[in-house]
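What you are looking at is a predicted structure, and each value in this text was computed from that prediction instead of being measured. Whatever order the structure lists ligands and atoms in, that order sets their numbers, starting from 1.
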Amino acid sequence: MQKYKILIDTDPGVDDAMAILMAHDRADVLGLSVAAGNVGLNYTVANALKLVDVIGAQTPVYAGCATPLVHAAADAAAVHGSDGFGDTGYTPSTRKAQSEHAALAILRASHEHAGKLVLVALAPLTNVALALKLDPSLPQRVAKFVVMGGAVTGRGNYGTVPAEFNIGFDPEAAHVVFSSWPHFTLVDWEATVRHGLDFERFEAMLDKGDARAQFYASITQKTRAWSRERGRPKLLIADALAMAVALEPDIVLREEERHVAVELDGRLTRGATVVDWENRLGERANARIVLDVDQSRFEALLASAVGAR
Ligand code: BDR
Ligand code: CA
């Protein structure tokens, strides 16, 4: 299998955690550039460092933006725990984040691995937007850009009805990215809902895994309970789905090329990803929207990532 050079922009977060495990299992991970999102930056950075320890890797962690570009936004601690990792009281990593800012690390990696870099964004797009503003030529050096974000027919999970968390947390950043990145792959919340995981099967998989599985089981205990209490029929791990698409592009079974823009205003619609399904505006398609993937291959990647082979 081809080994990509992957840089992950992330806000761990329990579903980020699974995606990061998957990436380390299959690819060369150049670094984790970290944003605020699911919880505050102090927690997302600490969680990234801890997860790298659990993996037994030396992946550098770069702290990025602590707030959205313009407006403050509510976090997702209710889903991920107030520390973003299920409030387990884990022993923190003794390692520290690098001194380089996440946005600068993204730019540096794009130069060092020009044409080979796969950038996977699993967080609000604050760091990526900042990098783009610092250097608008960034997309020319990135081989592939995969974004977990949006709700492409308006069935969101955050704030206004149609907003999804990563876009709704920092719509201005998403606007900067979507309006200037020529072409990216979008894995949205609605695809995540279509690719939910059976709770019992997922937990049986964790039981068979190694130390990574044990750690993942502990940090997701609260999220799994929360999901069940809310009556969700399946466990949803959005960032893992996006990472599966980044790692194995041919896992995609159905996709559409469309123009996508971000709504910045609107009493009921701020943060919506507006997809021009009928090409009414005549704008060039900027997004490859992933609609369906091979579920069994997706689940095999998850199992492998936690050592449950
Ligand atoms: C996205 O929002 C965050 O809460 C998750 O980590 C994921 O990136 C799903 O909407
Ligand atoms: Ca995330």
Side-chain angles (χ1 to χ4, degrees), residues 6-23 32-41 43-48 51 61 63-65 68 73-86 102 119-128 145-171 173-174 177 184-197 216 219-220 222-224 226-227 230 232 234-246 260 262 271-273 289-290 302:
I6 292 194
L7 187 70
I8 308 172
D9 194 73
T10 177
D11 61 334
V14 295
D15 51 356
D16 299 79
M18 179 54 87
I20 293 166
L21 292 172
M22 292 163 72
L32 305 179
S33 58
V34 180
N38 284 319
V39 288
L41 188 68
Y43 287 123
T44 55
V45 169
N47 291 344
L51 190 62
V61 171
C65 298
D75 67 19
V79 186
H80 298 257
S82 57
D83 73 348
F85 262 9
L119 179 60
V120 183
L122 307 175
L125 288 159
T126 323
N127 291 336
V128 180
F145 181 34
V146 178
V147 176
M148 190 285 128
V152 297
T153 69
R155 303 184 72 162
N157 65 0
Y158 176 75
T160 62
V161 171
E164 174 279 334
F165 181 82
N166 286 342
I167 308 302
F169 185 87
D170 194 347
V177 173
F184 53 91
T185 297
L186 188 67
V187 181
D188 84 321
W189 177 251
E190 296 171 37
T192 303
V193 172
R194 283 192 296 279
H195 293 85
L197 304 157
Y216 198 73
I219 65 172
T220 55
K222 279 194 174 173
T223 309
R224 285 180 281 129
W226 178 89
S227 302
R230 283 188 58 132
R232 278 194 179 160
K234 300 270 173 98
L235 181 64
L236 306 177
I237 315 185
D239 295 335
L241 188 67
M243 187 57 73
V245 170
V260 185
V262 178
T273 39
I289 301 170
V290 172
L302 297 172

Which residue and atom name correspond to the protein heavy atom nearest atom 3 (C) of ligand 1, and how close is it? N38 OD1, 3.1 Å
Using a strict cut-off of 4.0 Å, indicate which atoms of ligand 1 neighbour a heavy atom of E164. 1 (C), 2 (O), 9 (C), 10 (O)
Whether F169 and Y158 hold their rings parallel, tilted or perpendicular, with breakpoints at 30° and 60°: tilted
The Ca ion (ligand 2) is nearest to which N, O or S atom of D239? OD2
Whether the side chain of N127 engages the backbone of C65 through a donor-acceptor N/O pair (distance < 3.5 Å, no angle test) should be reported. yes
With sequence neighbours left out, what residues match R194 under salt bridge (charged side-chain N to carboxylate O under 4.0 Å, His left out)? D292
Hey, is the Ca ion (ligand 2) within less than 3.0 Å of some N/O/S atom on D15? no
For T153, does its backbone N or O pair with a side-chain atom of E190 as donor and acceptor, under 3.5 Å? yes
Name whichever N, O or S atom of D11 ends up nearest to the Ca ion (ligand 2). OD1
Beyond-backbone contact of E164 with M148, side-chain heavy atoms, under 4.5 angstrom: yes
Give, rounded to 10 degrees, the angle between OD2 (D16) and O (L122) as seen from the Ca ion (ligand 2). 80°
Nearest heavy atom to atom 8 (O) of ligand 1: which of V14, V187, D15, D239 does it belong to? D239
If we number the atoms of ligand 1 from 1 as shown, the ones under 4.0 Å from a heavy atom of A238 are 9 (C)
Run through V45, I8, D16 and flag the one making a side chain to side chain contact (heavy atoms under 4.5 Å, CB included) with L32. I8
